Amino acid sequence: MDRLLITGGTPLSGTVRVSGAKNAALPLIAASLLTDEPIELEGVPELADVTSMLRLVQRIGTSATYVGGAPGRVRLHTPTLLAREAPYDLVRKMRASVLVLGPLLARGGEARVSLPGGCAIGPRPIDLHLKGLERMGAAIDLVDGYVAARAPHGLVGAEIEFPQPSVGATENLMMAACLARGTTRIVGAAREPEIVDLALLLRSMGARIEGAGTSVIAIEGMARLGGAAHSILPDRIEAGTYAMAAAITGGRLRIENAPLELLGAAREKLVEAGVELVETENGFEVGRANGVLEGVDVMTRPYPGFATDLQAQFMALMTVARGAAMITETIFENRFMHVPELMRMGAKITVHGGSAMVRGVERLKGAPVMATDLRASVSLVLAALAAEGRTEINRIYHLDRGYEHLEKKLGAVGARIERVP
Ligand code: UD1
């Protein structure tokens with residue numbers, strides 16, 4: 001298993017180009033199942049999760065080919081659905097595999113998708129996906145750890161209200177509703193930019209969708225959807241992560257392909273913490289405003305609130321800030337696995353339930369640590385970049401799931417980082 005060796009202490013400097021968003025690419029690939037015509041996506045990032053998703057749709061009958069001409073241009077074509085299943089071995093590795101449920105059911109009338117089961121960041125149920133599909137007329141059974149869904153006479157439009165916003169459930173139902181009879185309204189929908197990106201692709205495929213990006217989305221079903229081409233939204237989590245890498249090392253980076261407003265509430269929180277963010281033509285420049293970082297409290301919230309996917313990185317930043325910071329996680333239980341690892345590097349953190357009190361220290365110290373999930377792992381990378389001496393990060397396959405060419409991008413801006421087998 002690969003490890004990363006990082007020698008900290010070098011302020012980063014230079015330009016980083018942000019890749020296409022993983023969390024946009026995955027639902028967009030699933031959406032290609034809705035039509036028998038080709039879908040062309042541009043900016044598909046080279047990531048383990050994307051490879052898993054491509055493998056899944058290939059099993060279902062999609063030909064997926066990198067066509068060149070532009071970075072990450074992929075052509076997806078599913079003339080017929082040869083299978084209607086997402087097997088356990090794929091769903092277990094990547095929860096977003098459940099996003100094929102809506103498209104398969106809507107186009108093929110049935111689907112069998114493994115239940116994701118527990119994962120490292122809490123139980124993460126899919127009840128909202130299933131209840132929504134039931135409202136649209138699907139019959140759903142749970143058999144041998146699988147969701148068996150049927151709608152032999154097609155889905156019908158419905159009014160669906162979520163008690164709390166779910167990104168995945170909003171996406172699954174939005175896709176299913178495109179091929180349902182009549183109009184579907186999703187009330188309490190998630191508002192993440194990746195949902196807007198999915199709506200953009202679906203609309204270029206001919207779907208009628210209003211309100212994506214707000215908490216009420218209306219979808220008028222169609223008999224069929226056609227082919228389309230779409231360029232994927234930049235990865236706001238990657239952009240935020242590199243911004244924090246600049247700040248934690250006391251360096252300065254130019255982040256390209258990342259509109260500043262995509263950062264949502266993280267933008268204000270970074271500024272409050274003493275980070276300067278200056279808009280540029282196609283991104284922003286980031287560094288410390290006056291040399292010191294200040295402790296700032298943060299609570300994770302659905303978009304446009306502070307992203308849970310940036311919580312671990314922000315905590316790493318706060319470990320070296322002046323004063324204290326209270327970091328509260330409200331989206332997922334058990335998303336503090338980075339805490340003991342950061343503490344191995346000298347961070348002072350106390351956890352009480354869903355809140356972590358971080359007391360800033362002068363300097364972190366390199367240590368052997370272990371990556372536990374995607375965002376936790378990258379928080380250890382940030383800490384290591386700022387720490388004195390060498391940090392060895394084990395189990396870095398988590399990083400390969402979500403950060404395209406991480407060590408190349410960081411190496412190019414001065415980080416001393418090396419991958420060793
Ligand atoms: C997506 C993102 C993930 C991000 C998360 C929250 C993708 C591929 N992944 O995950 O990176 O951390 O949004 O921004 O886009 N819930 C239920 N029942 C459901 C569905 C969700 O109770 O049926 C709960 C979850 O346990 C969680 C909350 O709702 O507490 C939000 O989860 P959700 O927005 O669905 O996250 P994902 O779509 O899985």
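Order of listing sets the numbers, starting from 1, for every ligand and every atom in it. Note that the structure is predicted; figures quoted are calculated from it, not measured.
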**Item:** Polar side chain donor-acceptor pair, Asp373 to His398, under 3.5 angstrom
**Value:** no

**Message:** Below the 3.5 angstrom mark, is there an N/O of Glu192, backbone or side chain, next to an N/O of ligand 1?
**Reply:** no

**Message:** Below the 3.5 angstrom mark, is there an N/O of Ser166, backbone or side chain, next to an N/O of ligand 1?
**Reply:** yes

**Message:** Ala367: which residues meet the side-chain contact (heavy atoms from CB on, under 4.5 Å) condition with it, sequence neighbours left out?
**Reply:** Met345

**Item:** Backbone or side-chain N or O of Ile331 under 3.5 Å from ligand 1 N or O
**Value:** yes

**Asked** ligand 1 and Pro165, any nitrogen or oxygen pair closer than 3.5 angstrom?
**Response** no

**Prompt:** Which option out of Glu333, Gln164, Glu171 puts a heavy atom nearest to atom 29 (O) of ligand 1?
**Reply:** Gln164

**Prompt:** Relative to the heavy atoms of His129, which atoms of ligand 1 are at a distance of less than 4.0 Å?
**Reply:** 23 (O)

**Prompt:** What do you reckon, does Gly168 have a nitrogen or oxygen under 3.5 Å from a nitrogen or oxygen of ligand 1?
**Reply:** yes

**Asked** Crowded around Glu159 CD? As in, over 12 foreign heavy atoms under 6.0 Å?
**Response** yes

**Complete:** One finds that the ligand 1 atoms under 4.0 Å from a non-hydrogen atom of Arg335 are 12 (O)

**Asked** Regarding Thr319 and Lys348, is there a side-chain donor-to-acceptor distance under 3.5 Å anywhere?
**Response** no

**Asked** Does a donor on one side chain and an acceptor on the other come within less than 3.5 Å for Gln58 and Ser63?
**Response** no

**Request:** Report yes if the side chains of Leu34 and Met175 come closer than 4.5 Å at any heavy-atom pair, otherwise no.
**Result:** yes

**Residue list, ring-ring contact (aromatic ring centres under 6.0 Å, His included) with Phe314, at least two apart or on another chain** = Phe306

**Request:** Using non-hydrogen atoms of the residue, decide whether Pro125 is closer than 4.0 angstrom to ligand 1.
**Result:** yes

**Asked** Just which atoms of ligand 1 are under 4.0 Å from any heavy atom in Thr308?
**Response** 6 (C), 12 (O), 14 (O)

**Request:** Could you tell me the separation between the CG atom of Asp235 and the OH atom of Tyr403, rounded to the nearest 0.5 Å?
**Result:** 7.0 Å

**Asked** Any idea which atoms of ligand 1 are less than 4.0 Å away from a heavy-atom of Arg95?
**Response** 39 (O)

**Message:** Given Asn23, Leu128, Leu374, identify the one with the heavy atom nearest to atom 9 (N) of ligand 1.
**Reply:** Asn23

